[in-house]
Amino acid sequence: MTSKGLNDIPKSYEPAHVEAKWYQFWLEQGYFTPEIDDKKEPFVIIMPPPNVTGELHLGTAFTAIIEDTLIRWHRMQGKPTLWLPGSDHAGIAGQNVVEQLLAEEGISRHTLGREKFLERMWEWMNKYRGIIAAQHKRLGASSDLTRERFTMDPGPSLAVRTTFVNLSKKGLIYRGERIINWCPRCITALSDLEVEHKELSSNLYYVRYRLEGEEDRFITVATTRPETILGDTAVAVNPEDERHKSHLGKQAILPVVGRTIPILADEAVDPAFGTGAVKITPAHDPVDFEVAQRQNLPSINILNLDATMGENAGPYAGLGRFECRQALLEDLEKEGLLVTIEPYVHSVGHCQRCQTMVEPLLSKQWFVNTAPLAKPAHKVVKERQIEIIPERFTKVYLNWMENIRDWCISRQLWWGHRIPAWYCGTCDGDKIDIIPIDEFLRERDLPHGTHTYSKLRELGVSHDEIVRNTDWVTIDLSANPIVATDAPHQCPVCNGTDLLQDPDVLDTWFSSALWPHSTLGWPEETEDFKYFYPTTVMETGYDILFFWVARMIMMGLENTGEIPFHKVYLHGLIRDEKGEKMSKSKGNVVDPVQAIEKYGTDALRFAISTGNSPGNDMRLSPHKLEGSRNFTNKLWNAARFVIGNINSEEATIPVETNLVEDRWILSRLNRLTAEVTELLEQFQLGEAVRRIYDFLWTEYCDWYIEIAKIRLRQDGDGYSPMPVLVHVLETTMRLLHPFMPFITEEIWQQVKESSPSANPGSIMIAPYPTADTETFDADAERDMELVIDIIRSIRNARMESKVDPGRFIEASIIAENAKPTLDALAPAIAALARVRPLTILSNQDGGTSGNEQAKILVLKGAEVVLPLGGMIDVGAERSRLLKEIEANQNEISRIEHLLADTNFLAKAPSHIVDKERQKLDDRNDIQRKLKEKLADLG
RNA sequence: GGGCGGUUAGCUCAGUGGUUAGAGCGCUUGCUUCACACGCAAGAAGUCACAGGUUCAAAUCCUGUACCGCCCACCA
């Protein structure tokens with residue numbers, strides 16, 4: 001290799017060019033695509049597919065960075081390593097984004113129609129899938145792009161339909177009328193998980209209902225939602241409640257609407273709350289619905305799907321829900337039926353995607369019967385077949401599985417996996433209600449509203465037209481869906497061919513639940529599936545433990561009979577400097593791409609990795625990014641120094657040395673390697689990378705390179721520090737590569753030829769360092785500690801005495817055991833402490849007594865004498881010594897006390913006791929010397 | 001109502017049964033020293049929230065308290 005001068009290398013690290021170059025290279029070499037090798041156990045991570053709702057945000061960047069680090073580490077260990085990337089169609093969130101765009105153009109999806117709308121959805125998805133992929137590249141993500149999957153791809157879609165069919169056949173998916181959470185803005189049902197509860201201060205309204213046939217006798221109920229009075233079908237009291245016993249069996253008259261409803265007894269009523277009498281609104285409250293089921297009460301739905309009041313709301317029909325509340329309250333007030341209003345704080349559900357207040361609504365939807373799926377999913381975690389990291393989330397998971405409720409999976413959206421259920425337009429025709437889009441009705445001059453399938457056909461509308469122009473459909477309970485993975489051609493009952501597919505789509509998390517196996521080819525028995533499944537680690541944020549992780553375990557076990565992954569690693573959330581969640585509206589978002597452009601990918605990766613521990617949230621600030629950028633620059637310049645000094649012959653000399661600083665740095669390097677490996681195995685990525693940082697900056701740069709510089713100037717003794725300098729740099733680059741892929745590759749490429757290690761084409765596939773315990777060298781570490789201590793003490797003394805920084809001062813060091821080391825490092829000590837001349841004496845050569853013009857530093861293992869001439873203030877010197885003596889005495893007393901404790905001696909491990917004894921000896925030695933010096937001062 | 005996490009230097013956070021608690025930023029002082037001023041050197045700065053307990057030894061384990069944050073839950 002040709003030597004490079006320092007000036008050939010830029011003075012500061014320029015990431016952009018380096019990043020583009022190496023990513024392209026890796027891609028071309030095919031390093032991201034693993035080879036299937038049955039003799040080796042693969043390492044597999046399926047990437048949590050980011051939502052295609054726009055550009056990449058810091059959360060997905062966080063995920064990618066952690067996963068890439070794990071992936072690169074394992075790949076360097078020689079395992080067939082698969083990181084499968086993908087993206088998610090994002091159901092409601094995805095549809096909302098495109099609908100907003102349409103709104104800006106002044107159109108709605110309904111005017112566009114389902115087919116055209118879906119075309120727009122695909123356009124958006126394809127565009128942003130590309131952007132997300134590009135952004136992953138910027139992060140240095142080494143995912144296997146040849147296996148990239150989208151949740152709506154044919155493969156994962158077939159997996160979805162197959163699962164739906166299988167579960168239906170087993171009775172684990174059913175269609176039924178239940179109280180669900182309804183978002184009137186998204187116009188769709190939601191699962192319980194998609195509802196966010198917020199504490200709101202509102203009012204509790206006490207309303208009295210007149211008793212039928214009894215003048216001026218009332219029963220008073222309390223409610224937070226007075227408008228639901230319109231849907232009441234009973235008043236319930238606790239059977240034990242003496243206050244209301246006389247009311248049982250009577251009829252109450254609903255205010256305003258005048259309907260009569262029964263007063264009945266039900267256990268669900270808490271006599272202590274409110275008045276002990278509860279209005280029962282089965283169509284709009286889950287508890288009331290249960291009461292109604294028990295008591296055989298009718299349900300009256302008073303709302304339209306957009307939360308305006310429906311026809312059952314009588315005079316209030318057409319009003320918004322809150323307008324209706326206001327109007328009704330006024331009417332109640334007028335009639336003297338509003339008894340009182342109490343301020344009341346309670347939690348109210350809001351749509352996770354649009355923050356609209358949700359309405360509990362009786363509706364016919366598809367559900368997953370989760371209990372049978374939860375049982376095995378609970379077991380595999382309980383029995384630690386799947387390990388969750390950090391451990392504390394195990395309890396959260398188990399608790400959720402124990403209290404799991406059925407999962408509402410149908411969504412009244414257009415974007416998503418269409419439910420693979422069909423209804424027969426011939427035999428079920430008059431049971432199928434259809435709501436065609438308004439445009440279509442206008443064209444046909446038909447009235448706005450619901451139509452039955454058969455009626456539309458009678459009016460001459462063809463089946464195809466109905467299918468194309470249908471917004472949503474409601475189907476009578478008796479309608480019989482045909483569930484199949486592919487569109488059926490004929491009704492098995494009547495052979496009719498007018499089949500109408502269920503218009504709803506599936507919860508986006510339904511396809512996500514299958515992700516580990518659907519991306520690998522299931523339901524086909526593909527090579528990938530056979531080799532890579534079950535996967536190794538599922539790495540994701542703790543915020544989607546229930547949404548995703550729990551469901552993957554349930555569905556994975558159900559579909560494949562195996563766990564989907566062995567370990568779950570949960571990371572925290574990224575917050576801003578003040579610990580707040582980042583959001584566009586707060587303006588505190590750090591855009592990963594902007595951060596990369598400003599600081600470089602490796603700096604962003606380092607900032608995110610370092611100091612972070614599993615499951616804990618972290619804050620990211622520009623300050624942190626700056627610090628990380630500084631580290632990349634430091635690295636760059638350390639490398640610049642090394643590369644600039646490489647001379648081809650000497651640098652390729654095998655690393656074989658007896659010099660103390662060499663033995664020291666190699667020992668430290670191997671200890672570092674051992675620690676980093678152990679930390680990585682425990683998923684302590686933040687701590688691992690921090691150790692590498694410390695080693696590089698402090699031990700390698702501040703000490704080893706500084707000493708090496710002095711060695712380089714000492715020509716002619718046949719020794720060069722270059723082999724060790726290069727070897728340590730090369731090895732540390734490999735240690736660091738999983739965290740900071742680009743700069744390590746760039747540096748490694750320039751030093752690899754000078755290193756005796758294996759020399760593959762890229763650091764990416766170079767072996768990850770392993771610790772060589774033979775290299776551990778306690779003597780060298782102890783000796784170097786002394787050298788560092790000496791240099792520091794001299795520098796400190798110079799500062800204290802305000803010695804001109806440029807000036808050389810005279811010094812002598814008196815040492816016993818360490819003398820050979822100090823002799824060997826004398827030039828380095830002299831240069832680094834600015835000492836000239838430096839004399840190193842052994843104890844026998846005589847003490848230092850009588851020299852009151854000298855400053856004397858007593859260290860563990862050596863004494864340093866600085867004859868500073870007139871610069872010594874004897875008074876200050878005396879007080880310095882006294883202070884040191886006092887501090888030392890405190891420590892001596894502490895240890896003496898400890899060593900006098902028989903309990904300590906009996907119970908503490910012997911190496912601890914020995915350590916304390918050694919410390920005491922050292923301290924006593926220092927103390928004796930300090931006292932001598934004090935005496936010498938006179 | 002149940003559960004979880006946090007409380008460590010001015011700020012942001014690591015740490016974890018071993019007795020002298022670390023880093024980055026910030027601060028003080030000095031330095032354009034031939035890798036790096038995105039730097040170097042030297043420093044100041046913490047009764048590890050509080051109260052008990054276990055232990056030879058507690059910032060670390062246990063119990064309780066306070067404050068902050070999060071998750072779950074059908075309080076009309």
Side-chain angles (χ1 to χ4, degrees), chain A residues 6 9 11-13 179 192 197 204 221-225 228 236 268-270 272-275 277-281 285-290 344-347 360 390 392-393 395-396 399-400 403 405 542-543 545-546 572-573 577-579 599 603 610-613 615-621 623-624 626-645 684 686-687 690 693-694 701-702 705-706 709 713 791-792 795-800 802 804-806 831-832 834 887 890-891 894-895 898 901-909 911-913 915-916 919:
Chain A
L6 275 180
I9 309 165
K11 211 170 166 183
S12 51
Y13 176 55
I179 297 279
D192 296 336
H197 291 272
L204 188 59
V221 298
T223 180
T224 51
R225 293 183 296 157
T228 60
V269 180
D270 174 7
F273 188 91
T275 60
V278 186
K279 58 192 277 311
I280 300 296
T281 321
D285 184 283
V287 177
D288 292 4
F289 180 72
E290 279 170 31
Y344 189 64
V345 178
H346 65 145
S347 83
R392 68 184 136 95
F393 285 104
K395 198 172 157 188
V396 181
N399 184 51
W400 190 75
N403 297 293
R405 289 155 58 195
Y542 66 73
D543 54 328
L545 178 61
F546 306 142
L573 271 37
E577 262 173 305
K578 293 177 203 125
Y599 304 103
T610 190
N612 183 239
S613 47
N616 289 340
D617 293 353
M618 71 164 323
R619 298 183 193 201
L620 188 66
S621 63
H623 288 284
K624 202 164 186 180
E626 246 170 59
S628 304
R629 189 266 325 268
N630 294 353
F631 177 50
T632 59
N633 196 51
K634 182 75 180 176
L635 257 182
W636 181 253
N637 275 290
R640 186 164 163 260
F641 170 79
V642 174
I643 294 161
N645 281 292
Q684 303 274 357
E687 188 60 12
R690 216 212 73 218
Y693 170 95
D694 283 348
C701 289
D702 291 350
I705 288 186
E706 292 305 319
K709 280 181 189 169
R713 283 180 226 146
I791 295 169
R792 283 221 171 106
R795 284 169 170 172
N796 175 267
R798 293 175 59 112
M799 288 286 273
E800 261 183 13
K802 299 196 168 45
D804 187 317
L832 295 176
R834 295 209 148 245
N890 287 342
E891 184 63 9
R894 202 211 85 227
I895 304 172
L898 189 62
D901 183 342
T902 48
N903 264 327
F904 174 72
L905 296 175
K907 294 188 179 169
H911 73 274
I912 297 289
V913 177
K915 211 167 120 189
E916 292 300 330
K919 267 192 215 166

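Proteins get letters first, then strands, A, B, ... in listed order; numbering begins at 1 in each. Hydrogens, waters and symmetry mates are skipped; everything else that's a heavy atom, side chains included, is used.
- Between the C1' atom of B:rG5 and the CZ atom of A:Phe393 lies a distance of 8 Å, rounded to the nearest Å.
- Counting any heavy atom pair closer than 4.0 Å across all strands shown, A:Ser613 reaches sugar-phosphate atoms only and no base atom.
- Rounded to a whole angstrom, the distance from the C1' atom of B:rA57 to that of B:rG17 is 8 Å.
- Here CD1 of A:Ile791 is found 6.0 Å from CZ of A:Arg795. Values are rounded to the nearest 0.5 Å.
- In terms of polar N and O atoms assigned as donor or acceptor, the side chain of A:Glu706 never comes within less than 3.5 Å of the base of B:rA41 in a complementary pairing.
- Listed candidates were B:rA35, B:rG24, B:rC4. Nearest to the side chain of A:Tyr693 is B:rG24.
- Each of A:Arg834 and A:Gln684 was matched to the nucleotide of RNA chain B holding its nearest heavy atom; the match closer to the 5' end belongs to A:Gln684.
- A:Tyr13 meets the side chain to side chain contact (heavy atoms under 4.5 Å, CB included) test with A:Pro15, A:Val18, A:Asp602, A:Thr632, A:Asn633, A:Trp636, A:Phe742, A:Ile743; sequence neighbours excluded.
- Between the CG atom of A:Asp617 and the P atom of B:rU7 there is a distance of 13 Å, rounded to whole Å.
- Nearer to the 5' terminus of RNA chain B, by closest-nucleotide assignment, is the contact made by A:Val642 (compared with the other of A:Val642 and A:Asp702).
- Remark: the A:Lys709 side chain and the B:rA35 base include a donor-acceptor N/O pair separated by less than 3.5 Å.
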Query raised in the report: Taking only Watson-Crick and G-U wobble pairs with both distances under 3.5 Å, what dot-bracket line describes RNA chain B, where [ ] shows pairs that cross earlier ones and | shows pairs with another strand?
Result: (((((((..((((....[...)))).(((((.......))))).....(((((..]....))))))))))))....
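- A straight line from CG of A:Leu832 to C1' of B:rU33 spans 11 Å, rounded to a whole angstrom.
- Nucleotides B:rG15 and B:rG22 place their C1' atoms 7 Å apart, quoted to the nearest Å.
- Of the candidate nucleotides B:rA35, B:rC38, B:rG18, B:rG18 has the atom nearest to the side chain of A:Lys915.
- For the ring-ring contact (aromatic ring centres under 6.0 Å, His included) test, no residue two or more places apart in sequence or in another chain qualifies with A:Phe641.
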Any protein N or O atoms within reach of nucleotides 42-48 of chain B? Criterion: under 3.5 Å, listing atom names and distances.
unit_1: B:rA42; atom_1: OP1; unit_2: A:Arg792; atom_2: NE; d: 3.3
unit_1: B:rA42; atom_1: O3'; unit_2: A:Asn796; atom_2: ND2; d: 3.1
unit_1: B:rG43; atom_1: OP1; unit_2: A:Asn796; atom_2: ND2; d: 2.6

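- Taking atom NZ on A:Lys624 and atom C1' on B:rG24, their separation rounds to 9 Å, with Å as the unit.
- Annotation: B:rG18 and B:rA59 have their P atoms spaced 11 Å apart (nearest Å).
- For A:Phe904, taking side-chain heavy atoms from C-beta onward, the closest of the listed nucleotides B:rG18, B:rG15, B:rG39 is B:rG18.
- Among the heavy atoms of the strands lying under 4.0 Å from A:Pro909 is at least one base atom, whether or not backbone atoms are also near.
- Donor-acceptor pairing under 3.5 Å, judged by distance alone, is absent between the side chain of A:Arg640 and the base of B:rC36.
- Comparing the C1' positions of B:rG10 and B:rG69 gives an interatomic distance of 23 Å, to the nearest angstrom.
- Residues that satisfy the ring-ring contact (aromatic ring centres under 6.0 Å, His included) test with A:Tyr693, not counting sequence neighbours, are A:Phe606, A:Phe631, A:Trp697.
- Nucleic acid contact for A:Phe546: sugar-phosphate only, since backbone atoms but no base atoms lie under 4.0 Å from a heavy atom of the residue.
- A donor-acceptor contact under 3.5 Å is formed by the side chain of A:Lys634 with the base of B:rC36.
- With both ends at atom C1', the span from B:rC72 to B:rU12 equals 30 Å, rounded to whole Å.
- Here the CE atom belonging to A:Met618 is positioned 11.5 Å from the CG atom belonging to A:Leu573, to the nearest 0.5 angstrom.
- Nucleotides B:rU33 and B:rU16 are separated by 40 Å at their C1' atoms, to the nearest Å.
- Counting to the nearest Å, the P atom of B:rG24 and the CE atom of A:Met618 are 16 Å from each other.
- As rounded to the nearest Å, B:rA14 and B:rA51 have P atoms that lie 24 Å from one another.
- For A:Asn403, the side chain to side chain contact (heavy atoms under 4.5 Å, CB included) partners are A:Asn399, not counting sequence neighbours.
- When the C1' atom is compared between B:rC11 and B:rC27, the two are found 12 Å apart, to the nearest whole Å.
- Taking NZ of A:Lys624 as the reference point, atom OG1 of A:Thr610 lies at 6.5 Å (rounded to 0.5 Å).
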